[in-house]
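Written out below as structure tokens is the structure these notes cover.
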Amino acid sequence: MVSLMIPLLCWTLCISSVSAEVDQINITAEPGQNITLPCRLPGNKPAAAVDWIRTDLGSGYVLLYRDGRIDPGNQNPSYQNRVDLMDRQMKDGDVYLVLKNLTTNDTGLYQCRVQKEGSLDIKLIRTINLQVLPPANQINITAEPGQSITLPCRLPGNKPAAAVDWWIRTDLGSGYVLLYRDGRIDPGNQNPSYQNRVDLMDRQMKDGDVSLVLKNLMTNDTGLYQCRVQYEGSLDAELIRTINLQVLPPGESLTLDQNQQLP
Ligand SMILES: *[C@@H]1O[C@H](CO)[C@@H](O)[C@H](O)[C@H]1NC(C)=O
Ligand SMILES: *[C@@H]1O[C@H](CO)[C@@H](O)[C@H](O)[C@H]1NC(C)=O
Ligand SMILES: *[C@@H]1O[C@H](CO)[C@@H](O)[C@H](O)[C@H]1NC(C)=O
Ligand SMILES: *[C@@H]1O[C@H](CO)[C@@H](O)[C@H](O)[C@H]1NC(C)=O
Ligand SMILES: *[C@@H]1O[C@H](CO)[C@@H](O)[C@H](O)[C@H]1NC(C)=O
Ligand SMILES: *[C@@H]1O[C@H](CO)[C@@H](O)[C@H](O)[C@H]1NC(C)=O
């Protein structure tokens with residue numbers, strides 16, 4: 001077991017060469033969210049150990065995984081009980097980090113590093129610039145059951161989008177409302193209660209318009225909807241807008257001043 005013989009210090013001192021071309025991605029998220037930070041080992045070589053660090057963090061790891069388990073020894077206290085590998089088997093070289101209950105203090109530069117089995121070298125695989133910001137650009141919309149509505153969202157600039165998703169957070173949990181990529185709706189991870197009720201208003205996304213059409217509203221559609229985009233040629237996931245949708249209980253109707261003004 002080579003990894004056992006490597007002193008912990010080595011993780012901070014032994015990085016042989018840090019390539020300037022290590023790819024960096026930006027991810028933005030909101031406080032309270034759970035997210036995954038993507039990282040995949042090249043090739044399919046088995047890893048002896050993986051660590052996630054934050055370069056601007058005084059001391060300690062975000063997560064150190066070796067000998068088949070999380071090593072809590074030198075973990076920074078602010079990450080205790082909030083992080084895990086998405087797949088501890090590291091199948092297909094996936095060493096995605098799951099980070100729960102984000103706070104604005106989690107903003108920082110994260111690095112994913114790996115030590116291959118039988119090797120002493122520790123290689124930097126990826127750097128992620130995570131920004132946790134309070135809900136920006138949030139609007140409130142109130143509607144009645146049975147209505148069809150449009151949740152407005154427009155991408156800034158004119159960069160082509162590779163993928164767009166609408167995500168919801170309710171008291172009942174969270175999940176995809178709609179994921180649009182490769183020119184079509186991906187039904188894979190869609191929350192069943194939205195099947196056949198949602199679409200993009202314009203699948204061409206002309207002028208960056210990725211507004212969502214939601215039909216036959218139900219009271220339990222109430223929740224926070226988030227419109228997120230991934231631009232072509234990039235892995236960055238950018239939160240564009242949050243919409244606080246309230247669907248009134250049956251029988252209660254909108255008064256005029258409550259009626260939404262779509263921006
Ligand atoms: C990531 O964000 C930085 C600024 O925070 C920006 O300069 C850089 O271009 C962004 N990278 C990508 C790939 O969008
Ligand atoms: C985050 O994960 C925890 C535990 O897995 C879960 O209880 C919680 O609801 C999740 N939070 C969000 C906002 O999805
Ligand atoms: C999430 O973090 C906030 C603030 O740090 C805390 O008040 C809350 O209890 C945490 N929620 C969970 C589910 O751990
Ligand atoms: C962020 O860190 C500061 C200083 O350590 C602390 O006072 C504050 O409560 C933290 N905020 C959150 C949301 O955890
Ligand atoms: C949206 O509703 C919340 C309360 O649910 C309120 O605090 C906030 O000011 C409202 N925002 C707008 C833009 O009306
Ligand atoms: C909302 O209610 C409908 C019918 O009452 C039910 O079929 C659906 O699963 C519910 N949606 C969620 C997200 O619980």
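Atoms considered below: every heavy atom in the structure, side chains included; atoms not considered: hydrogens, waters and symmetry mates. Numbering starts at 1 and runs along the sequence shown. Ligands are counted one by one from 1 in listed order, and the atoms in each one are counted from 1 as well. Quick caveat, the model's predicted, so the values are computed rather than measured.
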Salt bridge between D51 and R66, side-chain N to carboxylate O under 4.0 Å? no
I'd like to check which ligand 3 atoms, numbered from 1 as shown, lie under 4.0 Å from a non-hydrogen atom of N101. 1 (C), 2 (O), 3 (C), 8 (C), 10 (C), 11 (N), 12 (C), 14 (O)
How about CG on D56, more than 12 heavy atoms from neighbouring residues, nucleotides or ligands closer than 6.0 Å, or not?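 Check passes, neighbour count above 12.
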Give me each pair satisfying disulfide (SG to SG under 2.5 Å) with a member in residues 45-110, each pair once, sequence neighbours excluded. none
Number the atoms of ligand 2 from 1 as they appear, then name those within less than 4.0 Å of a heavy atom of G32, with their elements. 13 (C)
Show which atoms of ligand 2 fall inside a sub-4.0 Å distance from at least one heavy-atom site of N34.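 Those of ligand 2 that fall under 4.0 Å from N34 are 1 (C), 2 (O), 3 (C), 8 (C), 10 (C), 11 (N), 12 (C), 14 (O).
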For residues 31-38, run the donor-acceptor check on the side chains, cut-off 3.5 Å, and write out each pair with its distance to 0.1 Å, sequence neighbours left out.
| unit_1 | atom_1 | unit_2 | atom_2 | d |
| --- | --- | --- | --- | --- |
| Q33 | OE1 | E30 | N | 2.9 |
| Q33 | NE2 | Q226 | OE1 | 2.7 |
| N34 | OD1 | N101 | N | 2.9 |

